[in-house]
Structure formats: C-alpha cells, structure tokens
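Notes to accompany the following structure.
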Number of protein chains: 2
Amino acid sequence: MNGAQRLIRTLVDAAVDVCFMNPGTSEMHFVAALDDVPEMRAVLGLFEGVVTGAADGYGRMAGRPAATLLHLGPGLGNGIANLHNARRARTPLVNVVGEHATSHLRHDPPLAMDIESLARPVSSWYRSSSSPDALAADTVDAVTAACGPPGSVATLVVPADVSWTEVTDPSSSPTSRGGPKDGRPAGALATVAVDVVTAVAKALRSGEPAVVLLGGSATRRAGLLAASRVAGVTGAKLMCETFPAALERGAGLPPVERLGYLAEFTQAQLAGARHLILVDAVAPVSFFAYPGIPGYLVPDGCEVHVLAAPGDDGPGGLEALADVLGAPTDGFVLQPASRPERPTGVLTAESAGAAIGALLPEGAVVSDEANTSGIFIPGATAGAPVHDWLCLTGGAIGQGMPVATGAAVACPGRRVLSLEADGSAMYTLQALWTQAREGLDVTTVIFNNGSYAILEMELGRVGAGSPGPRAHGMLDIARPDLDFAALARGMGVPATRATTAEEFTVQLERALGEDGPVLVEAVLARGGW
Amino acid sequence: MNGAQRLIRTLVDAAVDVCFMNPGTSEMHFVAALDDVPEMRAVLGLFEGVVTGAADGYGRMAGRPAATLLHLGPGLGNGIANLHNARRARTPLVNVVGEHATSHLRHDPPLAMDIESLARPVSSWYRSSSSPDALAADTVDAVTAACGPPGSVATLVVPADVSWTEVTDPSSSPTSRGGPKDGRPAGALATVAVDVVTAVAKALRSGEPAVVLLGGSATRRAGLLAASRVAGVTGAKLMCETFPAALERGAGLPPVERLGYLAEFTQAQLAGARHLILVDAVAPVSFFAYPGIPGYLVPDGCEVHVLAAPGDDGPGGLEALADVLGAPTDGFVLQPASRPERPTGVLTAESAGAAIGALLPEGAVVSDEANTSGIFIPGATAGAPVHDWLCLTGGAIGQGMPVATGAAVACPGRRVLSLEADGSAMYTLQALWTQAREGLDVTTVIFNNGSYAILEMELGRVGAGSPGPRAHGMLDIARPDLDFAALARGMGVPATRATTAEEFTVQLERALGEDGPVLVEAVLARGGW
C-alpha cells in the first residue's frame with residue numbers, strides 16, 4: 001500500500017467518500033489509487049473553482065466533509081475564491097493539495113509556488129505530510145479539524161513522493177487511531193451554559209426591543225422552531241444573516257427575515273433595537289465601506305449578547321432559552337402555504353421570481369447567486385413547500401453553480417435549483433459540464449440582464465460623482481451579448497431561452513420535471529427590474 | 001483629484017496605459033476615474049484569470065507593463081495562476097488589487113482576506129498604499145519594480161478610502177518624482193563583465209561539447225543572431241528553454257532547438273555536454289519528479305557557466321562573446337524558408353500542424369498552449385515567415401487564451417494565433433468574450449481530443465502500476481463531449497468545426513483572413529496523434 005492508497009482509504013474510513021478533483025501529474029498516484037478504493041466517489045471538475053465550490057455545496061448539505069484534490073499552487077489558487085466562501089460558511093471541507101516531491105522542490109521547478117502562503121488565508125488547519133507512514137494520522141487530523149465544530153477548511157498538502165512511497169509502519173493504520181468515523185464532528189457541540197441562557201433571558205424579559213439573529217447551525221429546522229418560540233413569548237424580532245450557509249424555509253417552518261445586503265436596509269431593519277442576540281452568527285457589518293457611512297451596523301445603544309458562538313449548540317441554546325422563558329413547546333409561528341400565480345407578460349426579475357415561487361418543488365435545494373436579479377425570489381418562494389436556501393456566504397462570486405453541483409451530489413433524489421446572475425455565472429460556468437457528466441438533477445436559471453447590475457447600483461452609491469460612459473462601459477457585459485443556452489449546450493447541458501414570463505414559466509416547469517441538468521436562460525427586459 | 005484619479009494619472013505618465021480589469025465595489029472609484037484620464041485604455045475581462053493572463057501577454061509583447069485591477073482577495077485568488085505564469089516569464093506587470101477601506105477591515109467583512117499572504121508568492125514587490133498622498137510614489141515604485149530589469153509582478157494594494165480621498169499634498173505629484181517615464185526599465189540592463197565573457201570563451205574554446213541555453217531577453221532577434229555566431233565559430237549547440245516567454249523564430253532567423261518537456265528528452269538533448277552556458281536562462285529541471293529519475297537535468301560532469309543572469313544584458317553578452325571568439329559579424333546560420341504542403345485526410349495533431357505551417361502569416365504572434373496536440377507545430381512552422389512564439393512559462397494551464405488576448409492588444413495590426421488544448425481551454429475560455437468585445441484579431445484553434453492527454457501520458461510514466469478504469473475516467477473529458485464552436489458563439493465569437501484535414505485547412509485559412517476573433521475547433525481523430 002502506498003501513501004496515496006493509504007490517504008484515500010483513511011478518508012473513506014472517516015466517511016469522507018466523495019472527492020471533487022482536478023488532478024495533475026503530481027497527483028497521478030492518487031488518481032491511480034482510485035481503482036483500489038472503490039468506495040471513494042471521484043467527481044471531475046474542469047476548473048478548480050468548480051472543485052472547491054462543489055465541495056462547499058456538498059459539505060453544507062451532507063453535514064460532513066467532501067475532499068478536494070488540487071494540483072499544486074496554481075490549482076489551489078484557482079480554487080481559493082470558493083474556499084473563501086466555504087470558510088465563511090463554516091463548511092467542513094478536507095482540501096487536499098498535491099505538491100512536488102520533496103527532493104524536487106529545491107530545484108524550483110516551473111510550477112513550484114509557496115503553497116502554504118496561498119492556503120493559510122482560507123484554512124483553519126494546514127499541514128504538509130512528511131511521509132506515507134504519517135499520512136493516516138495527518139488525514140485523520142485533517143478530517144477532525146474540518147469537522148470541527150465549527151466546520152472549516154483543513155488543507156492537507158501531499159508531496160508526490162509521499163503519495164508514491166510504500167507505507168512501512170503497520171501501526172500507522174488509520175483504524176489504530178481515534179478520530180471521526182462517520183465524518184461527523186469528533187467533538188460534540190458545546191452546550192450553551194446556563195448563566196448565558198439566563199442572561200439572555202433577562203435581556204429579553206426587559207421588554208426592550210430585541211432582535212434574535214440566527215446563523216450557521218441555527219438556520220435549520222430545530223433552531224428555527226426554538227427561535228420562533230422565543231420570539232413568540234418575548235416579541236423579539238427573528239432574523240438571520242444576510243447570506244446564510246443553508247437556510248431551511250417554506251410552508252410549515254417559521255419564517256425568518258434576512259438582513260439586507262445594503263447597509264441602509266440593515267440599519268432600517270435593526271433601528272431601535274436595544275438587544276441583539278447572536279446565535280451562531282456574527283454582528284452585522286456592511287459588505288463594503290462607503291465614505292461617511294458606518295461599517296458596523298449594530299445601532300448605537302444596542303447591547304450585543306452571544307447566546308451561541310460558532311461551535312456551540314445554537315439550537316440547543318435556543319431551546320433552553322425558550323424553556324427558561326416559559327414559551328409553550330408549540331409556541332411557534334409557521335409560514336402558511338402560498339404560491340404566487342403563474343406570471344404573464346414582460347420577463348423581469350419580479351415575474352421570473354413569481355414563476356419560481358409558483359413552481360418550486362418540495363424538498364428543493366436552492367443555490368442562490370442571482371444577485372440583483374434575485375431580489376424578488378425569496379418573497380415569492382416564502383410559502384412554497386419546504387426547501388433549503390444556500391447563499392453567497394463569502395461574497396466571492398462564482399460560487400452558485402459549483403455549490404449547486406456539490407449539493408446535488410450530496411442530495412440524490414432532491415431537485416437542485418441553481419439561480420445565477422449572468423456576471424457571476426461566467427466565473428465558474430464549467431460546473432455545467434460536471435452536472436452533465438454526473439447526470440445531476442440541477443435546474444439552472446441564468447438571469448441575463450447584460451450587466452454587472454449590482455456594480456451599477458454601487459457605482460451610484462460610493463460617492464464617485466457622475467461617472468461617464470467609460471466607467472459604465474466596465475459594468476456592461478452585453479457587448480457582445482452572452483448566449484447562455486449556447487454555452488450550456490457546448491457543455492452537454494440541454495438549454496432553452498425565455499424572453500417572456502409565459503415562456504419562462506413553461507420552460508422552467510418542463511426543466512424541473514426532467515432528469516439530469518437543464519438550463520433555462522431568462523433574458524430579462526433591459527432597463528428595469 | 002482623488003487617490004484613484006492620481007493612481008491612473010501616474011500610471012499613464014509612466015506609460016502604463018492599458019489596464020485589464022474586473023472590478024468590484026471597492027474599485028468603483030478607480031472605475032469612475034477612467035473618464036477623467038482618457039489616455040488609460042480599460043479592457044474588461046469576465047474572470048480574473050483572463051485579466052492577469054492578458055496583462056502577461058501584453059507585457060511580453062509590448063516590453064512594458066500593463067496594469068491589472070482586481071477585486072479584493074478573491075479576485076486576486078482567481079488571478080493567481082496566471083500571475084504565476086507571468087512571474088516565471090519575467091513579464092513586467094503592475095498588479096493593482098483593491099482592498100476594503102482601512103477602517104472597515106477591522107470589522108472582518110465577508111470578503112476580507114489576507115491579501116498579502118496570497119500576493120507574496122507571485123510578487124517580487126508588494127505594498128499596500130497608506131494614503132492618497134503616498135499613492136503617486138507608491139505607483140512609481142510599483143512600475144519601477146515591475147519594469148526591473150528583470151521584469152516582474154509588482155502588487156500594489158489600494159484600499160477603497162485611499163482611492164476615494166482627495167489628494168492634499170501637491171508635492172506628491174508624480175511629475176515631481178523620478179521613475180520610469182516610458183514604461184521601460186528605469187535601470188539599464190547590467191552589462192556582462194569582461195571576465196565573465198572571457199571565462200565562457202575559454203570554456204567554449206576547449207573543444208569540449210557545449211550547449212548555449214537561451215532564455216528571457218536572449219530569445220529575441222539580437223540575442224539569437226549573436227548566439228548563432230557563437231555556435232558557428234565554436235560548434236556549440238544552440239538551445240532555448242522548454243517554454244520561452246517570447247521566442248522570435250521563422251525563416252531568416254537562426255533556428256534554436258527547444259529543450260523537451262519530458263526529462264528523458266532533455267537528458268538526450270544534453271547528453272555528453274561538458275559545458276552549459278546560461279544566457280538569461282535557468283539550469284534545466286524536470287517539470288515533475290518521478291520515482292527514481294533525477295529532477296536536475298544537467299549531465300554529470302557538465303560545468304554550468306552563467307553568461308547572463310536575468311536582468312543582465314544577455315544579447316550584449318552574446319555579442320561580446322562572439323567578438324571575443326572572433327566570429328564573423330555575419331557568421332550566423334539562418335532558417336531557410338519552407339512550408340509544409342496543405343494536408344489532406346485524417347485530422348490529427350500532425351496534419352493540423354502541417355496546416356498551421358502552411359498558413360501561418362508573417363508577423364504572427366503565436367500563443368501556444370496546445371500541449372500534446374501541439375507537438376508537431378513547432379517543426380511545421382520552423383520555416384514559416386518570422387513570428388513570435390509565446391509559451392506556458394509557469395506550467396499553470398489556462399494561460400494561452402488570455403495571453404493571446406493581451407498580445408493582440410499590444411500588437412494591433414498583427415495576427416495572433418491562439419493554439420489551445422481542450423482541457424486548458426476550459427480554464428479561461430472567457431477570454432473569447434474580451435476578444436469579441438475589443439474586436440481583436442485573434443484566431444483561436446482548439447484541439448479537441450476529448451482528453452487530458454498529457455496526464456494520460458504521465459499516468460503511464462509515474463510508475464503507478466496499471467491504472468484502472470476509474471483512474472482513466474478522471475482524464476477523460478469526452479463525457480460529455482465539449483462543443484467549442486457552440487461555446488465560442490455563446491460569447492460572440494464566430495466559430496467553425498473541422499473533422500478532416502481539408503476542412504481544417506480551409507477553415508483556418510478563412511479565419512486568418514477575417515477581422516476580429518474567429519475560432520476553429522479541430523476535432524482530432526481519437527485514439528492517435
């Protein structure tokens with residue numbers, strides 16, 4: 001057994017049995033070992049941004065890590081942006097990066113880079129394995145670090161000689177070690193202390209305006225139900241982060257208001273609050289700074305209470321809080337079922353949103369990178385059957401289609417709806433090919449408005465005077481027009497184009513009923529939402 | 001005048017008047033300032049790998065830097081791989097990265113990353129500007145560092161508040177400072193010392209087998225002519241690096257043999273050499289290590305002599321050497337004009353190469369990322385009219401199409417031929433859109449063999465036993481088949497598909513005669529070269 005075989009076997013034994021990859025020569029022993037460990041599912045991406053984003057989507061939905069396999073520093077570089085998003089999502093992810101053979105590095109071959117310097121900004125844990133005998137322990141440590149809690153990106157660098165050399169020490173067998181056996185966190189979530197619950201309960205009993213802000217683990221069913229009990233008995237406002245990693249929502253679940261993307265909206269949402277209760281969430285900060293506008297968005301005079309930090313048992317803390325507050329065990333408000341009418345007429349962000357609300361299937365997983373074109377969709381789908389909503393956690397565009405791909409691998413039998421803005425789609429469009437190759441049930445909607453519309457909005461907000469035509473030209477992506485249906489077909493994904501609300505509705509309905517990936521391009525009426 | 005305006009004005013004053021960009025909110029003041037400094041040409045890329053690769057291609061052909069504009073850490077991450085290639089090419093490049101406003105960073109907003117940690121591995125020079133008053137000097141320093149010699153990547157980080165704040169200190173005007181005025185190196189190339197020339201001349205006069213290895217500045221006309229004089233009078237073998245940044249070649253120029261990609265080839269090429277003369281080149285190292293095979297490829301007993309290091313005047317050193325050796329001033333061997341016949345029959349890498357050799361226009365700039373499909377092309381074009389050949393300097397795939405894009409911006413009036421392997425093409429295919437938008441005369445040939453063929457070859461070479469179907473599956477990109485003509489049309493580039501040598505020749509000939517970008521997909525017969 002060589003190091004590569006040991007690595008894959010150890011991953012599989014720790015229930016990390018999916019590996020998204022784009023290997024190169026230094027990873028060929030890993031690739032060759034795939035036939036020796038058939039329990040490992042290997043999924044090829046044509047670009048590393050697809051690989052890392054898919055591992056993020058998988059980890060969010062499976063609740064346990066996938067592995068990646070990246071080729072040296074350049075491969076890692078290509079995957080950095082989506083590792084950043086995974087880090088912000090606190091996704092468990094084992095990021096395996098191949099490296100030159102140890103003896104070869106001193107020659108500074110053309111592909112050599114400082115991998116550690118690249119990896120550190122996105123990794124909570126980093127190690128370069130020194131020998132095949134150490135590799136089992138290194139792998140277990142990486143999985144353990146990735147699982148947390150909280151989940152995080154653990155980067156394990158594997159030099160080519162460590163992969164190709166035979167293991168000599170039988171005591172280094174992974175089964176002789178502790179560590180996660182099922183890919184779940186090795187350590188339990190930390191129980192929220194009674195005095196913390198008591199202090200938060202006291203603040204909420206004050207009668208002063210309060211906001212309960214949910215993030216991470218608290219945006220799933222258990223956390224939402226408990227939080228709704230708390231809100232019901234105290235009048236606190238229930239909210240969640242702007243871009244939750246995975247929000248469970250829909251008819252029969254407590255509705256939760258998301259913080260706005262724009263600082264002004266968040267300020268309005270939080271205005272008057274005297275207590276902000278954080279549950280696996282961070283205090284709101286604006287995405288960007290603007291001249292003369294505060295970046296920290298907690299109102300003056302508002303006290304911040306941490307009920308649960310990342311790694312704490314947020315849902316358990318909320319339940320304890322609800323009990324202490326004497327909330328009835330069924331004292332939650334549930335979203336009633338409702339769907340918009342099927343839209344007609346001009347195809348706009350609003351009518352497209354209505355179509356999605358009318359058609360969203362039960363149990364869908366929505367990967368949302370629709371950006372400005374998506375602003376009406378959360379409202380239109382609020383009363384749709386229960387579904388999951390995956391957001392752009394780190395703000396690095398190019399996340400949506402890879403995350404949809406990984407979520408589909410994690411959730412066979414569920415429909416994945418990938419909602420994509422045109423500009424973001426062009427970052428990691430190669431995800432479509434992996435969807436076709438794996439036969440994944442992903443329905444992609446591309447909102448083609450021919451523009452970096454969010455930047456057009458921001459250009460007007462940053463106080464840069466009256467920008468001229470050259471500035472606006474940098475935000476115009478309609479010269480030439482992108483034809484996403486053609487692009488999809490070029491990667492083996494059937495696709496249609498819709499230019500009216502009726503066309504879009506019919507095409508989306510058909511796409512949602514088909515096996516395998518389908519793309520619907522929504523050509524939005526220009527010059528308006 | 002705010003910092004952004006000062007930055008662009010300073011760049012333009014230093015003759016850095018092209019900026020490849022993909023901006024975000026933190027760069028909106030830079031974008032707005034484009035209308036205030038119309039001398040700056042702004043070229044939009046849909047992905048940062050296109051932006052950095054285009055800046056590399058521009059710098060190689062213009063001999064002076066372009067600027068980039070990247071959005072925060074994730075934008076830099078997306079551009080890392082092609083910055084790595086630029087670093088290995090010693091391309092002058094001013095890499096401008098936007099950063100959050102200084103006061104905003106302490107809130108750790110979602111997009112915040114450790115930019116310096118990401119940038120250092122690809123940057124010879126790094127600075128984060130602290131104020132708009134410092135920005136002119138910082139910019140001049142960045143351009144100076146980028147220009148070298150040798151050229152390199154200089155990364156200048158510009159916080160949003162530095163961009164939007166007004167300049168207060170008039171003495172910080174760029175014209176009050178020194179620094180490059182025309183984008184050429186501020187310092188002259190270092191003259192090669194007489195004793196170095198004398199020592200190399202002595203080695204060459206020994207009559208022992210010798211190789212003169214050219215790289216960097218020595219692969220242009222002046223260096224080639226002088227090197228050929230040296231070879232002519234000494235019998236030394238004239239070679240150049242495996243992947244020169246920009247090799248001038250064709251009929252009427254001295255031919256130079258490139259080191260092979262595979263270690264075995266390089267070993268055969270250098271076998272018996274007792275002296276290796278490096279001229280702006282590094283001693284040969286294999287791209288990858290293999291079990292039991294040496295990575296350092298200089299033969300045992302071969303003495304390495306550095307005639308010129310990067311930053312030295314390599315061509316001047318070669319001329320001095322030729323003179324010391326008493327070589328006649330016209331004592332060079334020139335490549336005779338010759339072209340292959342137009343090919344017929346099956347479309348293979350070999351027949352496609354013949355078509356390219358038959359048709360390559362005079363003055364063409366060839367961006368070569370054809371990988372295994374390209375092995376016959378250098379031979380087939382050796383006697384074509386004079387042209388430039390740009391190679392995959394750092395080995396990080398996804399270089400070719402962006403480099404072709406930047407080269408076309410640098411060389412209006414010249415035809416750029418972009419030779420792309422299918423796997424590499426899928427890394428940064430978005431370059432086609434920029435070519436269409438800018439109306440660039442780039443003819444792209446995609447060699448579609450449905451495979452990471454180079455990895456299939458490497459899989460058989462790394463000593464990994466007999467890999468099975470799952471391993472081979474990871475190198476197969478024909479499930480589903482990619483349709484590059486459809487992909488090109490989706491980005492506004494006219495395209496055709498060729499499946500025979502005759503079709504390919506006709507389509508290539510037509511494409512080379514058209515204005516603006518055209519793509520020809522060469523669907524190679526599977527299962528053979």
Side-chain angles (χ1 to χ4, degrees), chain A residues 23 25-26 28-29 31-32 34-35 42 44 46-47 74 77-78 80-81 84 88 100-101 104 107 109-111 113-114 117-118 120-121 160 164 285 287-289 291 295-296 394-396 426-427 430 436-437 458-459 462 464-465 467-468 470-471 474 479-480 482-483 486-487 489-492, chain B residues 23 25-26 28-29 31-32 34-35 42 44 46-47 74 77-78 80-81 84 88 100-101 104 107 109-111 113-114 117-118 120-121 160 164 285 287-289 291 295-296 394-396 426-427 430 436-437 458-459 462 464-465 467-468 470-471 474 479-480 482-483 486-487 489-492:
Chain A
T25 299
S26 40
M28 280 301 105
H29 284 84
V31 170
L34 290 171
D35 288 285
L44 182 63
L46 291 178
F47 182 70
N78 288 333
I80 284 281
H84 168 80
R88 291 295 187 187
H100 283 298
H104 199 53
H107 301 309
L111 277 154
M113 289 183 79
D114 182 347
S117 190
L118 291 179
R120 287 280 182 198
W164 77 49
V285 170
F287 266 71
F288 296 100
Y296 182 69
M426 290 306 295
Y427 269 57
Q430 304 96 327
R437 178 180 172 94
E458 296 281 24
L459 185 63
V462 296
R470 303 179 77 237
M474 288 299 104
R479 292 182 296 117
L482 290 159
D483 179 341
L487 291 166
R489 285 185 217 114
M491 287 187 269
Chain B
T25 299
S26 39
M28 281 301 106
H29 286 84
V31 170
L34 290 171
D35 288 284
L44 182 62
L46 290 179
F47 182 70
N78 288 332
I80 285 280
H84 167 81
R88 291 294 187 187
H100 283 297
H104 198 54
H107 301 309
L111 277 154
M113 289 184 79
D114 182 347
S117 190
L118 291 179
R120 286 281 181 197
W164 77 49
V285 170
F287 266 71
F288 297 99
Y296 184 69
M426 289 307 294
Y427 269 58
Q430 305 96 327
R437 179 179 171 96
E458 296 282 23
L459 184 62
V462 296
R470 303 180 77 235
M474 289 299 103
R479 292 183 294 120
L482 289 158
D483 179 342
L487 291 167
R489 286 185 216 113
M491 288 187 271

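Per chain, numbering begins at 1; letters A, B, ... match sequence-line order.
The shortest heavy-atom contact between A:Leu46 and B:Tyr427 is O-CE1, 3.3 Å. Counting all heavy atoms, side chain and backbone alike, A:His104 lies closest to B:Val285 at CE1-CG1, 3.6 Å. Heavy-atom minimum distance, B:His107 versus A:Gly295: CD2-C, 4.1 Å.
Inter-residue side-chain proximity for B:Pro109 and A:Phe288 is flagged as unmet; no heavy-atom pair is nearer than 4.5 Å. Looking only at side-chain heavy atoms (C-beta outward), B:Val462 and A:His29 come within less than 4.5 Å of each other. B:Met474 has its side chain within reach of A:Leu34: a pair of non-hydrogen atoms, C-beta onward, lies under 4.5 Å apart. By the 4.5 Å heavy-atom criterion applied to side chains, B:Ile80 and A:Ile80 are not counted as neighbours.
Interface summary for chain B: among A:Gly394, A:Gly77, A:Pro110, A:Gly492, the most heavy-atom pairs under 4.5 angstrom belong to A:Pro110. Note on A:Gly395, A:Pro480, A:Ala486: by heavy-atom pairs under 4.5 Å with chain B, the leading option is A:Pro480. The greatest number of non-hydrogen atom pairs below 4.5 Å with chain B, out of A:Arg120, A:Arg489, A:Met113, A:Arg88, is found for A:Arg88. For the set B:Ala160, B:Pro467, B:Pro121, the count of heavy-atom pairs under 4.5 angstrom toward chain A peaks at B:Pro121. When the candidates A:Gln430, A:Met426, A:Arg437 are compared by the number of heavy-atom contacts under 4.5 Å with chain B, A:Arg437 comes out ahead.
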Quiz prompt | Chi angles and distances behind the side chain to side chain contact (heavy atoms under 4.5 Å, CB included) call for B:Phe287, A:Thr25 | solution = CA-CA 9 Å; B:Phe287 266 71; A:Thr25 299; over 6 Å; no
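Listed by chain and number, the residues in a side chain to side chain contact (heavy atoms under 4.5 Å, CB included) with B:Ala396 are A:Pro74, A:Leu111, B:Ala81, B:His84, B:Asn85 (sequence neighbours excluded). Scored by the salt bridge (charged side-chain N to carboxylate O under 4.0 Å, His left out) test, A:Asp35 finds no partners at all (sequence neighbours excluded).
Heavy atoms of A:Arg479 lying under 4.5 Å from chain B belong to its backbone as well as its side chain. Contact annotation for A:Ala42: both backbone and side-chain heavy atoms come within less than 4.5 Å of a heavy atom of chain B.
The line from CE of B:Met491 to CG of A:Asp483 is 11.0 Å long, rounded to the nearest 0.5 Å.
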